[in-house]
Amino acid sequence: MSGPAKGVALSGVAKWYGKVPAVRGLDLEVAPGEMVSLLGPSGCGKTTTLRMVAGLEAPDAGEIRIGGTRANEVPPWRRNIGMVFQSYALFPHKSVAENIAYGLVMRRLPRAEVAARVADAMRQVQLQGLDERVPSQLSGGQRQRVALARALVTRPDVLLFDEPLAALDRKLRERMQVEIRQLQRAVGITTIFVTHDQDEALTLSDRIVVMEGGRIVQSGTPGEIYERPGSHFVSDFIGMMNALRATVTGRAEDGGLRVRLEPGGRELAVAGPAGMAAGDGVELMLRPEKVRLNPPAGAGLIHVGGTVAHVVYLGAVTYLHVGTPDGLVIAMLPNAGGDAAAPRQGDAVTLGWRAADMVCFAPPRDA
Amino acid sequence: MLPPPPRRADPRRTFAAAALLAPGVLLLALILVWPFLVMLGMSLRERFPGPIGPSFAKYAEFLTDPYLLNVALRTFSLAATVTLLCAVLGYPIAWFLARSRSRWAHLVFLGTIFPLLVSIVVRTMGWTILLGNEGLVNAALLGLGLVTEPLRLMQGFWSVVLGMVHVLMPFMVLSIAAVLGRIDVAYAEAAATLGATPLRNFLSVTLPLSVQGVAAGSVIVFCLTVGAFITPIWLGRGHVTVMAIAIHEQMVTLVDWPGGAASGILLSLATLLLLGGYGLLLRRWARR
Ligand SMILES: Nc1ncnc2c1ncn2[C@@H]1O[C@H](COP(=O)(O)OP(=O)(O)OP(=O)(O)O)[C@@H](O)[C@H]1O
Ligand SMILES: [Mg+2]
């Protein structure tokens, strides 16, 4: 980096493609040295946002600031950014070393310094000995590393990633996630990482920004986003969720809601958003890992009996799909080993969970 | 692991392949290889009719005849000039065709291939109407009082260049556009984020990646120019003698068939050599 790390700030940024709004009024601050993930479903405007930061698209409204100075009019080649493309975009007619050197050559650094920094970068991403290969002779993981080295070697102010790991197999993807995170921490570079993979966002980020339909719907640390999703959309998008349908019956004394589970008719008190009135339909969201199997009675839990409808064995964990009077509930059981055999299809079981682990949202309107 | 079973050719497939290839191969043999062999045989005679030497007398004659050498030099200068102009003028058009999402792209495409759709006679007549002594350009210049007598716009090297570029441009444009259209825009974008200004970006990324299109277009344009006959005659008005005209003179006017054949063989050889060298050069440059 030239000098201390620079932050990025977007305010009121919007972008239309013809009559299609891709990004609608985005406000986002990335602190110097911070790693932020843009997470959201396909078509929500993540790539567009990233390309505007890079200068590859011009925003139709709003302002982009890099290191405190307005960057809207600065062309990409003067923004001092590094970008890793989903397709890597390694120059097919240049060797690995020439690819990595490209940004340094464009900055007209002396030959000796270019060579030294390229060698350094190649060591950093463990590519020693591959200098003379061309991209078509590399594996997917190696291409990924070249792209990373090429983006980092110029010491950019901001590093941008557009789903760079999507093409890798799972094992390699998980290793690269850790490597990217370690490298980013070591260099202390401000980073924006676009992904639609929630695990990737949880692994990589200081902060996750969840987008939907060209807007930010929630922003917070991975823990906040996972434990306290702010909307039905976020809770559903991040992690697996049970959604129990219920109807509001009134307000509780502590400000919570009284609801009645729909099929079973059981009455519960839960925390819920303001602005709910009696008669409103809601969904109670509950993470499968908060559900316990055959818990001891009287532990302050909600108990529900049911029949195992389906067992999904995943090695480390087992998911039980249990049909209950209150609807289908999925429970996640860790395979600690040595336990009694896990229930099988058709077994009668009791499930329990804390009322506090349920979050109540209005169901999505289009559902 | 077991070795893969040996692939045995299915006789029916072999027959089908042969049947499909036969017409093309026969046609090529008939119109390309056979005449070439006849030409080669002809060039090795000292006179015709007469025995096939083999004698290299006609080749030696060519290589010591200043007139013919001069014509050869003019032919290759013409071809090089036309190729260069087509490449330089055609590249931006190809770029527009390959990258633009404009509604006008269709019109530009039509405009590009239009010269191919017009018969050579009509096209050349058009240039005459424009550039002739009583042509539109001279009429305008005279009318404006800029000149007192008509300029000799035709009959020169450059009027032939103009006519050739006009008709051969589509080959260059289409060759380049085909390659440009297949280059991922992400390469140029990556270069931009790495600090490449548009000019250096083009020179270091897009141009090397599209060099095959330029090479293919160059080969077509160069070969067609070397073999051109009507356009140099008409637009040069007898002042721009190229090899095709000289060979025609040798064979038809001087009835020196072996001499014409030797010229033709030498012309083909020189063209092949030049294009081979050009191809090597481009490839080396693009792989920098
Ligand atoms: N060049 C373009 N022309 C027209 N519309 C576009 C263009 N690029 C994107 N869009 C539209 O803008 C919206 C946002 O696209 P964007 O690529 O930013 O989504 P994304 O969040 O990156 O999705 P994904 O996860 O599929 O990559 C989409 O509706 C898309 O169809
Ligand atoms: Mg995208």
Non-hydrogen atoms of chain B under 4.5 Å away: do they reach the side chain of A:Leu160, the backbone, both or neither? neither

Do you know which of A:Ala89, A:Gly103, A:Ala151 has the most heavy-atom pairs with chain B at a distance under 4.5 angstrom? A:Ala89

Audit row: B:Val205, A:Tyr102, side-chain contact (heavy atoms from CB on, under 4.5 Å) steps and yes/no: CA-CA 10 Å; B:Val205 176; A:Tyr102 189 84; 3.6 Å; yes

Test item: B:Glu189 and A:Met83 side chains (from C-beta on) under 4.5 Å apart, heavy atoms: no

Using heavy-atom distances under 4.5 Å, tell me whether A:Arg150 contacts chain B through its side chain, its backbone, both, or neither. both

The interface call for A:Leu56 against chain B, heavy-atom contacts under 4.5 Å, is side chain

Show me the pairs that pass ring pair (Phe, Tyr, Trp, His ring centres under 6.0 Å) and involve residues 71-90 of chain B, at least two apart or across chains. none

Provide the closest heavy-atom pair for B:Ser204 versus A:Lys94 in the form atom of the first, atom of the second, distance. O-CE, 3.7 Å

Can any side-chain N or O of A:Arg78 pair as donor or acceptor with the backbone N or O of B:Thr197 at less than 3.5 Å? no

Using a 6.0 Å cut-off, check whether atom CZ of B:Phe202 has over 12 heavy atoms from anything other than its own residue. yes

Tell me whether B:Phe114 at atom CZ has more than 12 heavy atoms from other residues, nucleotides or ligands lying less than 6.0 Å away. no

State, yes or no, whether a side-chain contact exists between B:Pro208 and A:Phe91 at a heavy-atom distance under 4.5 Å. no

Can you confirm whether B:Gln212 is buried at CD, in the sense that more than 12 heavy atoms of other residues, nucleotides or ligands lie under 6.0 Å from that atom? no

What's the shortest heavy-atom distance between A:Trp77 and B:Ala196, and which atoms? CB-O, 3.3 Å

Would you mind checking which part of B:Ala188 comes under 4.5 Å of any heavy atom in chain A, side chain (CB onward), backbone (N, CA, C, O), both or neither? neither

Chain B contact via A:Val153 - which portion, at a heavy-atom distance below 4.5 Å: neither

Looking only at heavy atoms, which two atoms of A:Met106 and B:Gly195 are closest? And how far apart? CB-O, 3.8 Å

Hey, is CD on A:Glu29 packed in by over 12 heavy atoms from elsewhere, all under 6.0 Å? no

Highest number of heavy-atom pairs under 4.5 Å with chain A: which of B:Thr193, B:Asn201, B:Asp184? B:Thr193

